[in-house]
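Working notes, structure below.
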Amino acid sequence: MRMLNADEESDDAPEVTWEDQQRINTFSKLNSRVRDIEEQLAQLKQDKEALDDLSMELELADEEEPVLYRVGDAFLHVKLVKAQKLLTRDQESLDAEMQKVRDSAEDCEKTMKELKIALYAKFGKAINLDA
């Protein structure tokens, strides 16, 4: 640790009000939420790739043989046509969930941008909101 010289000590720094602190806290919460959403989106992308791979495998499957299809934690023997319908339903559901997660991330980022503008306008270089 070092001592600040007279030039580095500034009494002209704006005072942090309760509202400012609430904005900073909100920004921090949103930043954390965006990171969680990014992790969730990465997991959903992996799930989507797995369903796409399954779709390719089902195209090569024999129509006469039943296939194992996962429903929850269990695997069921179903006919190929039924498995393809279930797969299509699961893919559409996953796409909808991915879009919902993306929309949530965009909302968080929009709010963070507004907060960042307000906080930088007041505090300038005295605050660092870039991760």
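Hydrogens, waters and symmetry mates are skipped; everything else that's a heavy atom, side chains included, is used. Quick caveat: nothing in here was measured; it's all calculated off a predicted structure.
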Exercise for the section: Any chance you could measure Asn128, atom CG, to Leu119, atom CG, to the nearest 0.5 Å? Expected result: 11.5 Å
Practice task
Would you please test Thr111 and Phe27 for side chain to side chain contact (heavy atoms under 4.5 Å, CB included) and show each step?
Solution key: CA-CA 8 Å; Thr111 305; Phe27 183 88; over 6 Å; no
Handout entry: Nearest heavy-atom neighbours spanning Ala105 and Val34
Key = O-CG2, 4.5 Å
Handout entry: Greater than 12 external heavy atoms within 6.0 Å of Glu63's CD
Key = no
Practice task
Go through the side-chain N and O atoms of Asp103 and Gln99 and say whether any donor and acceptor fall under 3.5 Å apart.
Solution key: yes
Exercise for the section: Would you please test Asp47 and Leu51 for side chain to side chain contact (heavy atoms under 4.5 Å, CB included) and show each step? Expected result: CA-CA 6 Å; Asp47 294 347; Leu51 289 178; 5.7 Å; no
Problem - Donor-acceptor under 3.5 Å (Ser28 side chain, Ile24 main chain) - result: no
Problem - Approximate separation, where rounding is to 0.5 Å, of Ile127 CD1 and Tyr120 OH - result: 7.0 Å
Practice task
Give the cluster check for Leu54 versus Met98: same hydrophobic cluster or not, with ILVMFWY residues linked at side-chain heavy-atom distances below 4.5 Å.
Solution key: yes
Exercise for the section: Check the pair Lys48 / Asp95 against side chain to side chain contact (heavy atoms under 4.5 Å, CB included), numbers first and verdict last. Expected result: CA-CA 8 Å; Lys48 174 89 169 126; Asp95 287 339; 3.1 Å; yes
Exercise for the section: Please examine the side chains of Thr88 and Glu92, heavy atoms only from C-beta on, and report whether any two atoms are closer than 4.5 Å. Expected result: yes
Fill in the blank from the handout: Separation between CG (Leu44) and CD (Glu97), nearest 0.5 Å, reads 5.0 Å
Quiz: residues 68-82 side-chain donor-acceptor pairs under 3.5 angstrom, not counting sequence neighbours:
residue : atom : partner : partner atom : Å
Tyr69   : OH   : Leu86   : O            : 3.4
Tyr69   : OH   : Leu87   : N            : 3.3
Tyr69   : OH   : Asp90   : OD2          : 2.4

Handout entry: Any donor-acceptor N or O pair under 3.5 Å, side chains Asn25, Gln21
Key = yes
Practice task
Nearest 0.5 Å please: distance from the CD atom of Gln91 over to the CG atom of Leu94.
Solution key: 8.5 Å
Handout entry: Set of residues satisfying salt bridge (Lys or Arg N to Asp or Glu O under 4.0 Å) with respect to Asp20, sequence neighbours excluded
Key = Arg23, Lys122
Exercise for the section: Find the distance between CD1 (Ile37) and CG (Leu30) and round it off to the nearest 0.5 Å. Expected result: 9.0 Å
Handout entry: Approximate separation, where rounding is to 0.5 Å, of Asn31 CG and Met112 CE
Key = 4.0 Å
